[in-house]
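The block underneath contains the structure these notes are about, expressed in structure tokens.
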Protein chains: 2
Amino acid sequence: MRPKNLEKEEAIRTIALQIISDEGLENLSMQKLAKAANVSPRTIYIKYESKEDFLIKLFIDEVLGSYEKGVLENFDENMDFSEGVKKIWMNTFRYLIHNRHSFALLQYGKSSPLLNKAFQKANIKQGQFFAPIHKFLKMHVATGSIRDFPSDVHRALLFSPLLDLVNEYFDYLERPEQIITEKMISECCETVIKGILKD
Amino acid sequence: MRPKNLEKEEAIRTIALQIISDEGLENLSMQKLAKAANVSPRTIYIKYESKEDFLIKLFIDEVLGSYEKGVLENFDENMDFSEGVKKIWMNTFRYLIHNRHSFALLQYGKSSPLLNKAFQKANIKQGQFFAPIHKFLKMHVATGSIRDFPSDVHRALLFSPLLDLVNEYFDYLERPEQIITEKMISECCETVIKGILKD
DNA sequence: AAAGTAAGTAAATGTTTATTTACTTACTTT
DNA sequence: AAAGTAAGTAAATAAACATTTACTTACTTT
């Protein structure tokens, strides 16, 4: 049997993220993707059943998977609250500014019904994404250092400003002044922590 | 001259938002839209130059415009900081849960390059969106009640958790337990304010 | 080294796409 | 009430779409 050419699979994924990031999910077509990846359309259908199947697997298995890894690097669910949150913030910031094309697809996860439903399903089926963060939050609720909000609410309060700041980082990249720096991210993280910590 | 049928224009916009919300921006086609709005495709092109022109005008002029109005209702830029932020939070929450289809397109504004660029352009050209909020923040930086962050950073810290919570409100709508209530929103708002206020 | 096989290609499939053409309708102006 | 006109329609256009067909390639197994 002729063996798979893994470089081609990789190219398909990489180029797809590039097109989504530059032109938008709504402008990604299988033929455009095949041409740009220097591959026959048929080659994409060896691994993926359909366009939807491809997008879901790209999102869940590839992008979300390695995003999670980047976010949780050197994070331990038994960390001190401020230390743990800061670790996640800096990990996330560094990962995303070096993976702009992945970030673009992650953002579509909030708007596209296809990707959004796929995420919910995967979250139930294969165990929660970012499970260590959930355990970490539960532990700190139990010890009384933070208020007892549902964990989705904690996630919104603690991490959604960060994703907005990453967006702004990319917006500012095309302008002379640079505003969103690691230092700014760190200060914002402290601001968020201050709001959530019990006195 | 035969006069325009304003109900048809309205139907086109309403149905477009519905399709985007239910099936995604990537599944909105002009023919599908025309059929669903009970209109000839040509009718859409009387008012709009192209599909892109339609989407941009729907996003900027219709959706963002009335969203801004909803958010700023009874808001005054000279309000006390906590009072002003809370007014905006509750206005936003109430507006968005009653305008789910608009919320869907607003979310695409963060992911779709077409809409994102249109927003940046409009923000420069026709004066900043949410200008009263910017003035409000500037004033409270000047009086020393909050730290001197750039206003985009303040926006991220103060309001992005709220949009995530609205998303969760819709997710939980399809489940038995209701978690995101006005009371929860109000408590989250206080948490965010606590982090940002100087001691 | 020949046979077997999945990977891979190029070209074709039928459908859907955005947009236009050719025409009709319904109202305003005279 | 007749003429003029933009709004509106239904059907057509050419391009692009997702996916498949028919075929070739390159490797493994024997």
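Below, read A as the first sequence line, B as the second, and so on, with proteins coming before strands; counting in each chain starts at 1. What's counted below: heavy atoms across the whole structure, side chains too, no hydrogens, waters or symmetry copies.
- The partner of D/dC17 is C/dG14, judged by Watson-Crick or G-U wobble contacts that both fall below 3.5 Å.
- Electrostatic pairing of B/E73 and B/K69 does not count as a salt bridge here, judged by no charged N lying under 4.0 Å from a carboxylate O.
- Base pairing of D/dA26: its partner is C/dT5, meeting the Watson-Crick or G-U wobble criterion (both donor-acceptor distances under 3.5 Å).
- Per the geometry, CD belonging to A/E9 stands 12 Å off C1' belonging to C/dG8, to the nearest Å.
- In this model, a side-chain donor or acceptor of A/R2 finds a partner on the base of D/dT25 within 3.5 Å.
- Atom CG of A/L33 and atom P of D/dA16 are 17 Å apart (whole Å).
- Protein atom OH of B/Y48 is 15 Å distant from nucleotide atom C1' of D/dA7, rounded to whole Å.
- Between B/V39 and A/K51, the residue anchored nearer the 5' end of DNA chain D, judged by the nucleotide with its closest heavy atom, is B/V39.
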Could you walk me through whether B/L162 and B/I88 pass side-chain contact (heavy atoms from CB on, under 4.5 Å), step by step? CA-CA 10 Å; B/L162 174 55; B/I88 291 166; 5.6 Å; no

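- Put simply, B/K8 has a side-chain N or O that comes within less than 4.0 Å of OP1 or OP2 on D/dT9.
- Put simply, CD1 on B/I44 is 14 Å from C1' on C/dT20, counting in whole angstrom units.
- Side-chain atoms of A/F103 and A/N167, non-hydrogen and from C-beta on, do get closer than 4.5 Å to each other.
- Between B/Y67 and the choices B/F130, B/F59, B/F119, the ring pair (Phe, Tyr, Trp, His ring centres under 6.0 Å) rule is met once, by B/F130.
- Spacing between atom CZ of B/R42 and atom C1' of C/dT19 amounts to 9 Å, rounded to whole angstrom units.
- Ion pairing between a basic and an acidic side chain is recognised when a charged N comes within 4.0 Å of a carboxylate O; A/D164 and B/R155 show such pairing.
- We find that CG of A/L6 is positioned 13 Å from P of D/dC27, with the value rounded to whole Å.
- The nearest whole Å value for the distance from the CD atom in B/E52 to the P atom in C/dT17 is 17 Å.
- For the pair B/R175 and B/Y172, the cation-pi criterion (under 6.0 Å, within 45° of the ring axis) is fulfilled.
- Following rounding to the nearest Å, B/Y45 (OH) and D/dT9 (P) show an atom-to-atom distance of 15 Å.
- Remark: A/E83 does not engage A/K87 in a salt bridge, criterion side-chain N to carboxylate O under 4.0 Å.
- Using a 4.0 Å cut-off, some side-chain N or O of B/T43 falls inside it from OP1 or OP2 of D/dT9.
- Looking at residues 22-32 of chain A, you'll see A/L28, A/S29, A/M30, A/Q31 sit with a heavy atom under 4.0 Å from some atom of DNA chain D.
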